[in-house]
Engineer: 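The structure is given below, and queries will be raised subsequently.
Proteins come first, then strands; the chains are lettered A, B, ... in the order of their sequence lines, and each starts at number 1.
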Protein chains: 2
Amino acid sequence: MEHHMARMYTIGEASELLGMPASTIRFYEKNGLIPNMQRTGSGIRLFDDEDLEWMRFVEHFKASGMPIKEIRTFIELYQQGDSTIEERRRIINNRRDAVERQIAELELARDFIKYKCWFYDVAAEAGTCDVPREMPPEKMPEEMRRIKERCGISSF
Amino acid sequence: MEHHMARMYTIGEASELLGMPASTIRFYEKNGLIPNMQRTGSGIRLFDDEDLEWMRFVEHFKASGMPIKEIRTFIELYQQGDSTIEERRRIINNRRDAVERQIAELELARDFIKYKCWFYDVAAEAGTCDVPREMPPEKMPEEMRRIKERCGISSF
DNA sequence: ATACGACTTAAACCATGGTTTAAGTCAAGA
DNA sequence: TCTTGACTTAAACCATGGTTTAAGTCGTAT
């Protein structure tokens, strides 16, 4: 059975593996997003596989729109152990709600944009915006009628 | 038949009607998001209903994550008339793709967060994170197993 | 007449999330 | 030994999207 030596990585290697500039990694560490970072005697950061896993984990939080301060708070609570479970749970539940609001808002915006896509497809075909602009609802595709109604799209 | 006088609004009234600080409205105008703004002789902005409609329209673009510069570009093209239809169509199609990527990314993040919600529900119940952390996949809810697999969630 | 509140401007300020720069240290190879 | 490249730091810089401030102008009500 092969024994994987616990390799350590410099910031350049970590940057490569994570697909993220080294400056960003330094910025994250400075802001408390990478706890317990090891260093060589001369001060060079050493990342192990666990650090890389940790950073991928942080990336998930970032993808959810969580601000850096809140991620740091969460990490600090995590380091304090099981006594902070309830507080971490609140943070995560709030984040879930925030993400769901964001998604709902983006879905509305997507519909608006889809209407505009249709509008410009028709306009490009006709050579003028007057054609889609003045099209009576009953000649529009069902979906566009629905969106126009819901988003209160005016004549622009 | 009642004849609606074409009322004009001050920035304070527009702010109230749009639910947006007056400073933001000034900022938008300065950045070319509100074309052809009327003024009184003494320089006070006058908004008509069409301006308000226009601003609601701009809000839809903003909700889609479109940067202010790109909205301004779009508006400038709009003002040039039908000769810019193709260019506007490209902008809108790019925006649709961008919004769809954003939604997909957020949906992934939402799944990660949902997993964490479940994790902390179990941890809170048990009083320790060890319970969800060491739970074998076959004891997890089907959805959580799937998410953990897909998001490559480690032991944190 | 004058005080008040709402408006005007340019410019400074702020928060977020990084990126870039300048100056220096270190280890390894020629 | 000397050069080279990768690393270090603090601090400055940048972009985005506004908000706040300071100083001043209007129109109206008392």
Engineer: Please confirm whether A:Phe74 and A:Tyr78 have ring centers closer than 6.0 angstrom.
Structural biologist: no

Engineer: Please tell me if A:Arg45 has a side-chain N or O lying less than 4.0 Å from either OP1 or OP2 of D:dC7.
Structural biologist: no

Engineer: Measure from CD1 on B:Ile34 to C1' on D:dG18 and round the result to the nearest Å.
Structural biologist: 14 Å

Engineer: Mind checking A:Arg26 for me? I need base, sugar-phosphate or nothing, with any heavy atom below 4.0 Å counting as a touch.
Structural biologist: base

Engineer: Take the protein atom CD of B:Glu13 and the nucleotide atom C1' of C:dG5, then report the distance between them rounded to whole Å.
Structural biologist: 13 Å

Engineer: Where the side chain of B:Arg39 is concerned, which of C:dT16, C:dT8, D:dT19 is the nearest nucleotide?
Structural biologist: C:dT8

Engineer: One thing to verify: whether B:Arg7 and B:Glu13 come together as a salt bridge, which I'm taking to mean a side-chain N less than 4.0 angstrom from a carboxylate O.
Structural biologist: yes

Engineer: Return no unless some side-chain N or O of A:Lys62 is found under 4.0 Å from OP1 or OP2 of C:dG18.
Structural biologist: yes

Engineer: Rounded to the nearest Å, what distance is computed from the CZ atom of residue B:Phe27 to the C1' atom of nucleotide C:dA10?
Structural biologist: 15 Å

Engineer: Mind checking B:Thr40 for me? I need base, sugar-phosphate or nothing, with any heavy atom below 4.0 Å counting as a touch.
Structural biologist: nothing

Engineer: In this structure, how many angstroms lie between the C1' atom of D:dT28 and the CD1 atom of B:Ile44, rounded?
Structural biologist: 12 Å

Engineer: Can you tell which of B:Arg88, B:Glu87, B:Arg90, B:Arg89 makes a side-chain hydrogen bond (donor to acceptor under 3.5 Å, both in side chains) with A:Tyr120?
Structural biologist: B:Arg88

Engineer: Hey, which of these two, B:Ile11 or B:Lys30, hits DNA chain C nearer its 5' end, going by closest nucleotide?
Structural biologist: B:Ile11

Engineer: Over how many whole Å does the gap from B:Tyr9 atom OH to C:dC7 atom P extend?
Structural biologist: 15 Å

Engineer: Measure from CE on B:Met66 to C1' on D:dG18 and round the result to the nearest Å.
Structural biologist: 19 Å

Engineer: Could you tell me how far apart A:Met55 (CE) and C:dG18 (C1') are, to the nearest whole angstrom?
Structural biologist: 13 Å

Engineer: Figure out the CD/P separation between B:Glu29 and D:dG17, and round it to whole Å.
Structural biologist: 18 Å

Engineer: Between A:Thr10 and B:Tyr28, which has a closest nucleotide on DNA chain D that is more 5'?
Structural biologist: A:Thr10

Engineer: What contact category does A:Ser42 fall into here, base, sugar-phosphate, or nothing, at under 4.0 angstrom with non-hydrogen atoms?
Structural biologist: sugar-phosphate

Engineer: So, the side chain of A:Arg145 versus the backbone of A:Pro137: is there a donor-acceptor pair under 3.5 Å, distance only?
Structural biologist: yes

Engineer: Any ion pair linking B:Arg150 and B:Asp111 (charged N to carboxylate O, less than 4.0 Å)?
Structural biologist: yes

